[in-house]
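If you're wondering where the values come from, they're calculated on a predicted model, not measured in any experiment. Index from 1, following the sequence.
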Amino acid sequence: MDYSEHYNYNPTLAWNDKVEEYFINAYGADHFSKISKALTHPSSYSCIRVNTLKSTSDTVTEKLLTILQETGHGSDANGVKTLNGDTDITSEVDMGKKQGSISREPNNQVSGQTMMNSILAGDAPKSSLQKFPINKCQVPGLDYVLFVNGSGPHDIQYSSALNKPVKEVIVSRKCAEAVLRGAQVFVPGVLACSAHVEKGDTVAVSVAVEQPVDGGWSVGITRGITLEGTQTDPHHLQRRGLYIGQGTAVLSRAGIFRALHGVAVEMTDRVFNLPSFHGVLEGEIFLQNLPSIITAHALDPQPGDRVLDMCAAPGGKSTALAILMKDEGEIVAADRSHNKVLDIKKLAAEMGLKCVTAHRQDALKAVCQSNETVNLSMQHPDETKSVASEITSCRDFLVDDMESVKTKAVDLHLACNKDVSEEMENQRNYQSKADIRKSMRRMRNGPGRNQTIGGMVEKSKGFSPNSFDRVLLDAPCSALGLRPRLFAGEETMESLKKHGKYQKKMFDQAIHLVRPGGTLVYSTCTLNPGENEAVVRYALDRYKFLSLAPQHPRIGGCGLIGGCELLDENHVEKWLTPEEAELVQRFDPSSSLDTIGFFIAKFSVGQKDI
Ligand SMILES: C[S@@+](CC[C@H](N)C(=O)[O-])C[C@H]1O[C@@H](n2cnc3c(N)ncnc32)[C@H](O)[C@@H]1O
């Protein structure tokens with residue numbers, strides 16, 4: 001058997017046939033194949049936004065270097081691995097005894113890293129001896145953004161003691177995507193395991209990805225199955241090229257399937273090494289993708305402005321906007337989901353931001369319908385601004401007591417019941433034991449310093465027309481730009497079209513809320529032109545008082561020109577003119593910036609005729 005071809009990481013992203021055809025039409029076959037490949041890898045660096053109201057880039061860099069050093073993530077000058085990047089660097093999990101021989105070939109030719117270094121982070125790392133060098137962003141105005149460089153893909157030699165078959169675990173796709181970003185393997189993420197795995201054994205970790213079955217997709221693995229020997233088990237071929245690293249079993253096989261939570265495998269050798277700063281320097285830093293930070297700059301908020309973030313949770317862009325405004329003015333951060341609104345409140349409180357108020361509001365009904373609000377339709381003379389916003393706060397928002405009581409009960413249940421579902425545990429960036437203990441302590445001792453907001457969420461009745469200087473519509477989307485991604489087959493042409501329709505409806509609301517002379521920014525984290533250029537086309541054609549505005553900084557690429565014939569519908573989806581395409585920013589995951597796929601359009605709002 002050819003071990004090197006089987007035990008490696010070389011995934012091919014599966015798409016729905018029609019969607020693939022549409023994207024090949026939009027990007028060209030070669031380019032789309034590069035995008036698809038890039039999506040299966042994480043970015044080669046973690047991007048950290050410093051809360052400049054609390055700290056500086058230099059202070060944060062020093063603190064992070066100390067933390068990395070103290071936790072064994074520091075210098076690696078002799079090429080001997082110490083510790084890999086863990087999700088939670090305060091994790092107290094016993095590493096256990098390691099078996100088998102492992103060797104690692106560092107391969108630092110991560111896609112685009114050289115370009116990324118020279119454009120964004122300069123050529124000289126803060127400390128070249130550091131295993132995860134930290135660099136300040138070189139783009140003017142973004143020196144409060146830090147990049148922590150990771151490495152990969154690494155070749156890992158998967159082997160076992162006494163030439164026995166390699167012991168293995170298979171994890172779910174969501175779990176694997178988190179592991180590729182630096183997490184550990186948690187119990188709920190394990191789908192299958194070899195027989196006789198004991199605590200301390202070295203195990204190869206691979207991922208179960210959906211396979212085509214009867215016109216649909218299926219993983220085809222029942223949780224808890226035993227993997228037989230290398231060649232004999234029926235899932236052997238499916239795992240080819242899907243190995244994400246090697247680790248030490250923290251529990252035996254029986255323990256893994258009996259336990260409800262906790263780490264199952266402590267990763268020791270990863271295909272990609274990325275430090276994770278989950279829970280580190282809370283309030284002082286925020287981990288955020290570079291295009292999201294650029295989106296906040298594109299809106300160009302000024303101190304004293306009234307800004308609406310229509311789909312704000314978890315609050316990454318709202319807090320970035322608040323910091324750009326020096327916490328002066330008002331940011332109304334709205335989201336449809338009650339629990340997510342609580343996340344916004346928590347984040348704003350952690351970051352010490354007073355100008356962010358979080359509200360439960362459906363962006364599809366964001367414009368206030370009540371006659372009473374007519375008086376509040378501000379023409380925006382500065383002197384009426386603060387009075388009007390105070391009245392708005394009093395009148396427009398209703399405290400939904402029942403909802404908050406219900407949520408408190410659910411929170412209590414979750415905190416006391418450790419049976420957290422797999423998706424929650426894996427997606428919440430792998431809560432460590434320490435985190436769980438902290439939550440339990442909070443439940444016993446009441447809210448801590450940063451937790452004083454409780455579960456109250458204001459349910460908004462909507463906002464008055466023309467009442468915001470700036471509006472951000474960071475729309476819910478197909479998220480096809482997010483990486484790493486191991487499967488993309490769930491989106492069909494029909495589902496992509498639904499996203500586009502939903503976004504246009506939200507845009508219709510947004511346009512009523514921003515005042516004449518104001519600014520509107522529309523953004524998504526998808527590659528789909530139907531949710532990007534086509535929405536901009538719709539907006540420019542429908543609202544003649546809108547025009548595309550230049551963005552600063554501008555480091556992304558141009559938009560897509562022309563359009564695409566949608567054969568099934570006998571309809572041409574229209575995109576942008578060459579001039580318009582120059583004004584939007586498109587972040588391409590296969591480009592040298594090595595970011596997620598992202599799209600930003602900025603509009604100037606003229607005198608309205610609606
Ligand atoms: C792309 S995320 C926003 C990320 C956020 N802007 C940030 O940077 O942290 C989209 C958000 O839209 C919210 N959402 C989805 N449908 C919505 C609706 N009809 N009204 C308001 N929010 C909605 C989701 O709950 C989700 O939090």
Does the side chain of V169 reach to within under 4.5 Å of the side chain of V197, using non-hydrogen atoms?
no
Can you tell me how far the CG atom of L527 sits from the CG atom of D588, to the nearest 0.5 Å?
8.0 Å
State, yes or no, whether a side-chain contact exists between F587 and L593 at a heavy-atom distance under 4.5 Å.
yes
Pair K340 + D335, salt bridge at N-O below 4.0 Å:
no
Just by modelled atom types, is the D143 backbone N or O under 3.5 Å from a matching donor or acceptor in the S57 side chain?
yes
Taking D327 for its side chain and C355 for its backbone only, find out whether a donor-acceptor pair lies under 3.5 Å.
yes
Whether K602 side chain and A298 backbone form a donor-acceptor pair below 3.5 Å
yes
Check for a donor-acceptor pair, side chain of S43 on one end and backbone N or O of Y45 on the other, with a separation under 3.5 Å.
no
List the steps and the verdict of side chain to side chain contact (heavy atoms under 4.5 Å, CB included) for I555 and V139.
CA-CA 9 Å; I555 55 171; V139 174; 4.1 Å; yes
Ignoring hydrogens, what is the shortest heavy-atom contact between F598 and D474? Give both atom names and the distance.
CZ-OD1, 4.1 Å
Can you see which heavy atom on T56 is nearest to which on T59, and at what distance?
OG1-OG1, 2.7 Å
Nearest heavy-atom neighbours spanning E168 and S206:
OE1-OG, 4.1 Å
Return the CG to CG distance between L299 and D309, rounded to the nearest 0.5 Å.
8.5 Å
Is there a donor-acceptor pair under 3.5 Å between the side chain of N528 and the backbone N or O of S478?
no
What is the minimum heavy-atom distance between M267 and I244, and which atoms define it?
CE-O, 4.1 Å
Hey, mind stepping through H261 and V187 against side chain to side chain contact (heavy atoms under 4.5 Å, CB included) and telling me if it holds?
CA-CA 5 Å; H261 59 93; V187 160; 5.8 Å; no
Counting C-beta onward and ignoring hydrogens, is there a side-chain heavy-atom pair between T295 and L472 closer than 4.5 Å?
yes
Test side chain to side chain contact (heavy atoms under 4.5 Å, CB included) on I48 and V145; report intermediate values, then the result.
CA-CA 6 Å; I48 289 175; V145 176; over 6 Å; no
Does a salt bridge link E198 with R253, judged by any charged N lying under 4.0 Å from a carboxylate O?
no
Salt bridge or not for R483 and E177, using N-O below 4.0 Å?
no
According to the interplanar angle, ranging from 0 to 90°, do the rings of Y9 and F272 count as parallel (below 30°), tilted (30 to 60°) or perpendicular (above 60°)?
perpendicular
Quick check: do V280 and L64 have side-chain heavy atoms less than 4.5 Å from each other?
yes
Nearest 0.5 Å please: distance from the NE2 atom of H6 over to the CZ atom of R240.
7.5 Å
What verdict does the ring-ring contact (aromatic ring centres under 6.0 Å, His included) test give for Y243 and Y158, after you've listed the backbone C-alpha separation in whole Å, the side-chain angles of each residue and the deciding distance to 0.1 Å?
CA-CA 9 Å; Y243 284 79; Y158 298 89; 5.5 Å; yes
Is any side-chain heavy atom of P553 closer than 4.5 Å to a side-chain heavy atom of H297?
yes
F132 side chain near N149 side chain, heavy-atom distance below 4.5 Å:
no
Are the side chain of D201 and the backbone of A249 linked by a donor-acceptor contact shorter than 3.5 Å?
no
Looking only at non-hydrogen atoms, find the nearest pair between V190 and F257 and report the distance.
O-CE2, 3.7 Å
Note: C47 and I293 closest approach over all heavy atoms is SG-CD1, 3.9 Å
For the residue pair V185 and V179, establish whether any side-chain heavy-atom pair is separated by less than 4.5 Å.
yes
Side chain to side chain contact (heavy atoms under 4.5 Å, CB included) assessment of I600 paired with Q551
CA-CA 9 Å; I600 313 173; Q551 302 178 30; 3.4 Å; yes
When rounded to the nearest 0.5 Å, the distance separating CD1 of I323 from CG of L53 is 5.5 Å
If we only count heavy atoms from C-beta on, is the F147 to S46 side-chain gap below 4.5 Å?
no
Any donor-acceptor pair under 3.5 Å from Q138 side chain to K136 backbone:
yes
Nearest 0.5 Å, please: how far is OG in S172 from CG in L191?
5.5 Å
Give a yes or no on whether K34 atom NZ has more than 12 heavy-atom contacts from other residues, nucleotides or ligands under 6.0 Å away.
no
Checking R181 side chain against L274 main chain: does a donor-acceptor pair fall under 3.5 Å?
no
Any donor and acceptor pair, going by atom type alone, linking the side chain of S292 with main-chain N or O of Q288 inside 3.5 Å?
no
Side-chain donor or acceptor of D269 paired with backbone N/O of Q246 under 3.5 Å
no
Checking W15 against F487 for the ring-ring contact (aromatic ring centres under 6.0 Å, His included) test, could you report, in this order, the C-alpha distance in whole Å, the side-chain angles of both residues, the deciding distance, and whether it holds?
CA-CA 7 Å; W15 297 87; F487 178 67; 9.4 Å; no
Plane angle bin for Y522 and F599 - parallel if under 30°, tilted between 30 and 60°, otherwise perpendicular:
perpendicular
Does the side chain of H41 come under 3.5 Å of the side chain of D594 through a donor N or O and an acceptor N or O?
no
When you check the gap from the basic side-chain N to the acidic O, do R485 and E491 get nearer than 4.0 Å?
no
Pairwise distance OG(S55) to CD1(I285) - rounded to 0.5 angstrom:
9.5 Å
